[in-house]
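What follows is a single structure, written as structure tokens, with notes after it.
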Amino acid sequence: MKITHDFHIHTRLSLCAGPNGGTLQGYLKNAKELGLTTLGFAEHFWDAGVGFDSLYIPSRNGKDVPWYYKTQNFEHIYELKKEIDATDTGDVRVLFGVEGEYDPVNHGIAVTEEVAEQLDFIIVPNSHTHMMMDKALYTPLEAHRDYMVKALEEIATCPMAKYVKAIAHPFDPVTVPLDEETKILTIISDDVFKRVFTLMAEKNIAFEINTGTMSSIYRNTTETEEHERMFYLAKACGCKFSFGSDAHSEAGQLKHPEFSQKLVDLLSLTEDDIADFVK
Ligand SMILES: [Zn+2]
Ligand SMILES: [Zn+2]
């Protein structure tokens, strides 16, 4: 089986992509070259409708978070939707989604129903701890771990959970050094993984294979083993999978087919294991 979708793509509308970040046209060109038939755009997004209390958590990136997310409001990301509607995308199916955010103050996600209804899909990470977690929780590692477990459980059980199609880069905290990230995985027991993955399977929330992180995962044996343990457990618990490059530029998508295939082969995935929302 070949993966022909990428459901985690950012354009330059995502501020962290910078002014030279990816464009719709650039990704459409990639799609032809990489054999992708579905592109799912998922810009970073905070829905003003949920309020801004959570943006003032004293996180590692705390200083920039209010500006970052207040700028990436619906009007801002809707520019892409207008561009998609005005573009002949040929044989490529293009979907307008968001990488929404976990909202720890309101114990849910930072997207309202009104906006959710205008999107093709929503993915939400439990691991944007650099923005949404009090930096005091970086140590001990158990506190960081417990935050991500709780985040995932709240994402999957909040009233908006029915709109959440996948957990983006599960348990891969952004900006944390690789060795520390691996240490966090090692202190997540099989039982805890099974509990949260069973919950995701019940709620029909897919496990995202984030191909953007794969080159680092496959550099180091412990990192590889710990991630593969997580992937196997997700499959054993009945989770469906979606694949996303997390590209912020066209170049960031180029390894997507190669790493998708590696994971399909590793986990012996078939069509049945692929999340319905990507089909
Ligand atoms: Zn992310
Ligand atoms: Zn992303």
Side-chain angles (χ1 to χ4, degrees), residues 5-18 20-24 26-27 30 36 38-47 54-55 57 59-62 64-65 68-69 71-72 76-77 80 95-104 109-111 119-133 144 147-148 151-152 154-156 164-178 181 184-185 200 205-217 227 230 241-256 259-260 275 277-278:
H5 68 265
D6 180 349
F7 264 81
H8 189 153
I9 307 171
H10 298 274
T11 72
R12 59 185 61 173
L13 285 175
S14 286
L15 299 178
C16 48
N20 296 318
T23 63
L24 173 62
Y27 288 116
N30 267 3
L36 297 171
T38 306
L39 299 178
F41 287 91
E43 309 287 7
H44 292 292
F45 169 64
W46 187 276
D47 187 343
S54 297
L55 301 183
I57 287 166
S59 65
R60 189 174 272 180
N61 285 20
D64 298 325
V65 175
Y68 181 76
Y69 270 140
T71 306
Q72 292 170 115
H76 179 81
I77 62 163
L80 178 67
L95 297 175
F96 173 62
V98 295
E99 179 175 9
E101 189 55 271
Y102 167 55
D103 179 346
I109 68 166
V111 185
L119 300 168
D120 293 320
F121 69 97
I122 301 173
I123 59 173
V124 182
N126 67 331
S127 49
H128 278 176
T129 51
H130 62 307
M131 292 193 287
M132 305 314 299
M133 182 181 81
H144 196 166
Y147 174 94
M148 290 193 286
L152 200 156
E154 292 193 342
I155 293 164
V164 179
K165 299 302 180 192
I167 300 295
H169 48 79
F171 296 100
D172 267 333
V174 180
T175 76
V176 167
L178 198 57
E181 181 189 314
I184 295 175
L185 291 181
M200 285 167 63
I205 297 174
F207 184 107
E208 179 191 86
I209 298 291
N210 189 292
T211 58
T213 60
M214 290 298 156
S215 46
S216 56
I217 289 168
H227 276 85
M230 175 168 68
F241 293 89
S242 64
F243 286 72
S245 66
D246 213 348
H248 285 64
S249 67
E250 287 87 357
Q253 195 183 35
L254 300 181
K255 293 268 187 192
H256 184 67
F259 280 119
S260 295
F277 83 96
V278 308

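Just so you know, ligand 1 is whichever comes first in the structure, and atom 1 is the first atom listed for that ligand. Treat the numbers as computed from the prediction; the structure is a model and nothing was measured.
Among the atoms of His8, none of the N, O or S atoms falls under 2.8 Å from the Zn ion (ligand 1). Under 2.8 Å from the Zn ion (ligand 1) lies an N/O/S atom of Glu99, whether from backbone or side chain. Backbone or side-chain N, O or S atoms of His44 do not reach the Zn ion (ligand 1) at under 2.8 Å.
Below 30°, between 30° and 60°, or above 60°: for Phe243 and His256 the angle between ring planes is above 60°, a perpendicular geometry. By the 30° and 60° cut-offs, the orientation of the rings of Tyr68 relative to His44 is tilted. Phe41 and Tyr27 have perpendicular rings, their planes meeting at more than 60° on a 0 to 90° scale where under 30° would count as parallel.
If you look at Asp246 and ask which of its N, O or S atoms sits nearest the Zn ion (ligand 2), the answer is OD1. Minimum-distance N/O/S atom of His128 relative to the Zn ion (ligand 1): NE2. Among the heteroatoms counted here (N, O or S) of His169, NE2 is the one nearest to the Zn ion (ligand 1).
The two residues Asn126 and Pro170 have their closest heavy-atom pair at OD1-CA, 3.6 Å.
In this model, a donor atom of one side chain and an acceptor atom of the other lie less than 3.5 Å apart for Glu43 and Ser14.
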